[in-house]
Amino acid sequence: MRGSSLDQLYAAHLDRLMRRTDRSLEASGFEALVIHAGRAPIQFLDDQDYPFKVNPQFKAWVPITDNPRCILVYSPGNRPTVLFYQPNDFWHKSATLPAAAWTAEVNLVAMDDESKAAAHWAKLGRVAFIGPRCLMPDADPKCINPQGLMALLDYERAVKTPYELECLREASELGARGHAAALAAFNRGGSEYDAHMSYLQACKQREEELPYNNIVAYNENAAVLHYQHLERAAPAPLRSFLIDAGAQYRGYASDITRTHARGGGRFADLVQAMDGAQQTLCSAIIAGRDFCDVHLSAHRILGDVMQQIGLTKLPGQAALECGVTSTFFPHGIGHLLGLQVHDVGGVMADSQGALRERPKGHPFLRLTRMLEPGVVVTVEPGIYLIESLLAAAHADERRSHIDWAVAEELKPFGGVRIEDNVATTQDKPENMTRDAFARVANAETA
Ligand code: GLY
Ligand code: MN
Ligand code: MN
């Protein structure tokens, strides 16, 4: 969906956001809200900036992601005012005032100097400020990122509006295009770097626009969960390719992983088994379900996969109980997704800021909430051959439950992860990523 329908959805999104904010401001004793977009930090002993990453609370209101120092001012009963930073600067090109349809929903005001901003909230009563503290030196410290208000906003942000869902679908589609191009680079023998560059070109995003650094890992590198390098030469032999890469659309993120095997054999069987297991887990993204249960059931299902391919010697439930599954699957099954790749509020129990415990022994799970319609999550099971975790398992009672010859055989392939972005609905889950891959494949064959 593009153009006018997305603009209509935006108007409804903004309306819902304003209603939500009205309630949150009232509950926390504030009369108005000021959100600073942030600015790019300067590098130590240098005059160069780090890439600018906009305050997610700011981009929840307006799709401005690339212009630092903008400020949003909102008071209940009024349309939001966006102070759009346009300095007189002959070193840089000042951003152009947006003219897209969404601007009709806000008061867009050009601001050449930040010192002019405070006049816009001087008469609004008790104002809450959201943003980096150092950018709001004149505000009362108690009113900067106040805990009660932040908890309300963070908690409620997990349930997406129809506009946000549409943005997330578009983000998945951009990612799917990038993944197709990266796979083509891998298939023609290109390096990690080549696959990464093909990805960027296909989704037309520069690195700093991505929601996170691409993970482009060949062979053993796939065992490193957040592998961060890009080798400039392809290894020989080339055995496996794990790519975890997303894209942004109007400030919303996708977070997608695919793993590809070169040739057949046990690793290719593992990738295929993982694909089936991942789809089973996606079908568990149902309103009313506890995400901790989804995570624990992932351990049972992956434990069965490990046994089926010969890596372990006991069924999933028993492998979970004795910690064998965590040796190969050390991270969580998923997390909230939205304005940030790891969206806030994942372990909140309520809008007051209480926390919902992770299951014991699962410290890396980022989402412990109950699922409800509109909540978008990732589903990302993985099985990896990680030296340090294998050594720990070898040193204790888990040793007898693992087939070490199979572990050695799989080590040169690194690992497998498959990750989709899934929206909880009233009914069956919407797999935004698989839908996007299908659209991209159809477009390629059309
Ligand atoms: N790309 C980071 C993650 O999957 O959580
Ligand atoms: Mn990912
Ligand atoms: Mn993820």
Side-chain angles (χ1 to χ4, degrees), residues 53 56 158 160 168 171-179 182-183 192 195-196 199-200 203 205 207-218 221-230 240-249 252-260 271 274-275 277-279 281-282 284-285 291-292 294-295 298 302 326 328-347 358 362-369 371 375-384 386 414-424 429 431-434 436-437:
K53 299 289 174 183
K160 271 47 184 187
L168 288 163
S172 252
E173 183 159 332
L174 286 170
R177 274 186 226 153
H179 274 261
L183 176 58
E192 292 172 347
H196 171 70
Y199 181 94
L200 293 180
C203 54
Q205 300 204 341
E207 279 185 2
E208 63 194 64
E209 293 170 310
L210 298 177
Y212 57 95
N213 288 332
N214 281 355
I215 298 164
V216 182
Y218 287 1
N221 294 337
V224 182
L225 299 181
H226 286 171
Y227 173 72
Q228 72 278 38
H229 303 291
L230 291 168
S240 61
F241 174 32
L242 185 155
I243 171 165
D244 182 342
Q248 279 208 66
Y249 185 79
Y252 291 85
S254 56
D255 179 9
I256 301 169
T257 311
R258 290 292 181 267
T259 307
H260 308 279
V271 173
M274 180 62 94
D275 194 56
Q278 195 266 359
Q279 291 194 63
L281 287 161
C282 288
I285 303 307
F291 200 75
C292 295
V294 178
H295 175 77
L302 294 191
S326 296
F328 301 100
F329 173 44
H331 59 74
I333 186 59
H335 50 83
L336 293 176
L337 179 74
L339 291 160
Q340 294 164 287
V341 61
H342 298 150
D343 224 2
V344 288
V347 294
R358 297 173 172 87
H362 297 264
F364 302 118
L365 181 58
R366 288 190 168 98
L367 176 56
T368 56
R369 284 170 67 157
L371 295 172
V375 169
V376 178
V377 301
T378 65
V379 177
E380 48 181 305
I383 293 178
Y384 316 87
I386 301 172
V416 52
R417 175 164 71 254
I418 296 176
E419 175 175 27
D420 288 338
N421 306 160
V422 182
T424 319
N431 190 320
M432 296 174 155
T433 306
R434 300 237 173 197
F437 270 93

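Remember, predicted model here, so these are calculated numbers, not experimental data. Counting convention: from 1, in listed order, for ligands and their atoms alike.
Put simply, the side chain of Thr433 never gets that close to the backbone of Ser172: no donor and acceptor are under 3.5 Å apart. Between the side chain of Tyr212 and the backbone N or O of Gln340, no donor-acceptor pair lies under 3.5 Å. Between the side chain of Thr368 and the backbone N or O of Arg358, no donor-acceptor pair lies under 3.5 Å.
Protein residues are said to neighbour a ligand when one of their heavy atoms lies under 4.0 Å from it; for ligand 1 these are Tyr212, His226, Asp244, Asp255, His335, His342, Glu380, Glu419.
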* Asked: So Ile418 and Arg258, side chain to side chain contact (heavy atoms under 4.5 Å, CB included) or not? Walk me through it.
  -> CA-CA 5 Å; Ile418 296 176; Arg258 290 292 181 267; 3.7 Å; yes

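Residues Val341 and His335 form a side-chain contact, since some pair of their non-hydrogen atoms from C-beta on lies under 4.5 Å apart. With a 4.5 Å cut-off on side-chain heavy atoms, Arg417 and Tyr384 count as touching. Phe241 is listed as a side-chain neighbour of Val216, based on a closest heavy-atom distance under 4.5 Å.
For the 3.5 Å distance criterion, the side chains of Glu380 and His331 fail to qualify, holding no donor opposite an acceptor. If you check the side chains of Asp420 and Gln278, you find a donor sitting under 3.5 Å from an acceptor.
The Mn ion (ligand 3) does not have His342 among its coordinating residues (no N/O/S atom, backbone or side chain, under 2.8 Å).
Relative orientation of the His179 and Phe437 rings is perpendicular, given thresholds of 30° and 60° on the angle between their planes.
Only protein N, O or S atoms were scored, and 4 of them lie under 2.8 Å from the Mn ion (ligand 2).
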